[in-house]
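See structure below.
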Amino acid sequence: MNIGFCMCGSFCTFAKVFPVLEELVKDHTVFPILSPSSACTDSRFGTAEEHLRHVEEICEKPVWRKISEVEPIGPKKLLDILIIAPCTGNTLAKLSHSIADTSVTMAVKSHLRNARPVLIAVSTNDGLAGAAENIGRLLPRKHIYFVPFGQDDPIKKPTSLVADFSRIPEAMNAAVQGIQLQPILLRS
């Protein structure tokens, strides 16, 4: 399968996402796509350059960072599935309102023109606050699927949601068959 793998700026989850990416490249062709934030921001979880280099080493392909690099995804039917892991609240909001102003959101728009699946692995501190509306808007949309998610720290971060990244391969296999992996909501 040809997989587009988008990463947004939830840097604290990158360490959980990288092993999944390593697993996927064993059996699939993976095209890495980084949001502007994830491609350019240094954080306490590593520098942008370190993340870029690591993703390119795993995928053995250059990272697509520009809108012009991802726009051909749809017209050329390049991908079987597009995965966003992690998907931030900011990206959720843009997707729920059909805004395509970054490499990730344009990749989704371009890919969806072919009625092919998009798999979202949520990671947002306001998933049960401001981002809840956007998750709700995306849940019933055709060709949009979610990796099961739940509260990652209900006591210290009561509105935070994060996907179980280890379930990306399972959720991906279901999504390409047009099935939402259940249950979507995980217990804390």
Side-chain angles (χ1 to χ4, degrees), residues 1-35 38 45 51 54-55 57-61 63-64 70 73 77-89 91-92 95-96 104-105 107-108 110-112 114-125 127-128 131-132 134-154 157 160-188:
M1 238 186 329
N2 288 329
I3 300 169
F5 199 98
C6 304
M7 294 179 71
C8 299
S10 180
F11 305 107
C12 61
T13 62
F14 280 19
K16 293 179 181 176
V17 172
F18 288 143
V20 176
L21 191 54
E22 290 170 353
E23 182 180 336
L24 291 175
V25 298
K26 290 177 184 175
D27 298 315
H28 307 284
T29 302
V30 179
F31 298 90
I33 303 164
L34 294 185
S35 71
S38 61
F45 300 101
H51 295 312
H54 191 54
V55 169
E57 286 172 3
I58 293 169
C59 297
E60 297 181 350
K61 291 189 177 14
V63 168
W64 292 340
V70 300
I73 287 172
K77 298 183 179 181
L78 296 177
L79 306 174
D80 298 301
I81 187 167
L82 184 72
I83 299 170
I84 310 170
C87 184
T88 61
T91 298
L92 286 168
L95 294 175
S96 77
V104 171
T105 57
V108 171
S110 187
H111 179 69
L112 282 174
N114 298 314
R116 292 182 179 173
V118 173
L119 179 62
I120 297 172
V122 172
S123 180
T124 177
N125 285 326
L128 294 176
N134 298 315
I135 292 169
R137 288 171 56 97
L138 290 168
L139 281 168
R141 293 232 184 126
K142 285 184 175 183
H143 314 296
I144 301 286
Y145 302 89
F146 282 83
V147 176
F149 58 86
Q151 289 180 279
D152 56 314
D153 189 346
K157 300 188 310 181
S160 181
L161 293 176
V162 69
D164 179 349
F165 297 107
S166 69
R167 298 190 70 189
I168 289 173
E170 180 184 12
M172 177 190 74
N173 289 331
V176 295
Q177 296 176 50
I179 298 167
Q180 170 60 58
L181 187 63
Q182 298 290 340
I184 293 176
L185 297 177
L186 302 174
R187 292 179 176 247
S188 301

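Between atom NE2 of residue His51 and atom CZ of residue Phe11 there is a gap of 6.5 Å, rounded to the nearest 0.5 Å. A distance of 12.0 Å separates CG in Asn173 from CD1 in Ile168, rounded to the nearest 0.5 Å. Note: Tyr145 OH to Ile120 CD1 = 11.5 Å, rounded to the nearest 0.5 Å.
Across Phe14 and Ser38, no two heavy atoms sit closer than the pair CZ-CB, 3.8 Å. The shortest heavy-atom contact between Gln180 and Phe146 is NE2-O, 2.6 Å. Closest approach of Ser35 to Gly9, counting heavy atoms only: OG-N, 3.8 Å. When all heavy atoms of Arg116 and Asp80 are compared, the closest pair comes out as CB-O, 3.9 Å. For Leu95 against Arg141, the heavy-atom pair with the smallest separation is O-NH1, 3.1 Å. Closest non-hydrogen pair, Ile73 versus Ala107, comes out as CD1-CB, 3.8 Å.
Inter-residue side-chain proximity for Cys6 and Trp64 is flagged as unmet; no heavy-atom pair is nearer than 4.5 Å. Within the 4.5 Å cutoff, the side chain of Leu185 has heavy atoms near those of the Phe149 side chain. For the pair Met7 and Pro32, the minimum side-chain heavy-atom distance is 4.5 Å or more. Under the 4.5 Å side-chain criterion, counting only non-hydrogen atoms from C-beta, Val55 is not in contact with Phe5. The side-chain heavy atoms of Met172 and Ile3, taken from C-beta on, include a pair separated by under 4.5 Å. Here the side chains of Asn2 and Phe31 are in contact, with some heavy-atom distance below 4.5 Å. By the 4.5 Å heavy-atom criterion applied to side chains, Leu82 and Ile33 are counted as neighbours. Val118 has its side chain within reach of Ile144: a pair of non-hydrogen atoms, C-beta onward, lies under 4.5 Å apart.
Screening residues 160-172 for salt bridge (Lys or Arg N to Asp or Glu O under 4.0 Å) gives Arg167-Glu170 as the qualifying pairs, with residues at least two apart or on separate chains.
With sequence neighbours left out, Lys157 forms a side-chain contact (heavy atoms from CB on, under 4.5 Å) with Asn125, Asp152, Asp153, Ser160. Evaluation of the side-chain contact (heavy atoms from CB on, under 4.5 Å) rule for Val25 yields Val30, Ile58, Cys59 as partners, not counting sequence neighbours.
Each of Val122, Val104, Thr105 was evaluated against Ile84; a single residue qualifies, Val104, per the side-chain contact (heavy atoms from CB on, under 4.5 Å) test.
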- Apply side-chain contact (heavy atoms from CB on, under 4.5 Å) to the pair Leu24 and Met1, showing each step before the final yes or no. CA-CA 10 Å; Leu24 291 175; Met1 238 186 329; over 6 Å; no
- Decide yes or no on side-chain contact (heavy atoms from CB on, under 4.5 Å) for Glu22 and Glu57, but give the supporting numbers first. CA-CA 10 Å; Glu22 290 170 353; Glu57 286 172 3; over 6 Å; no
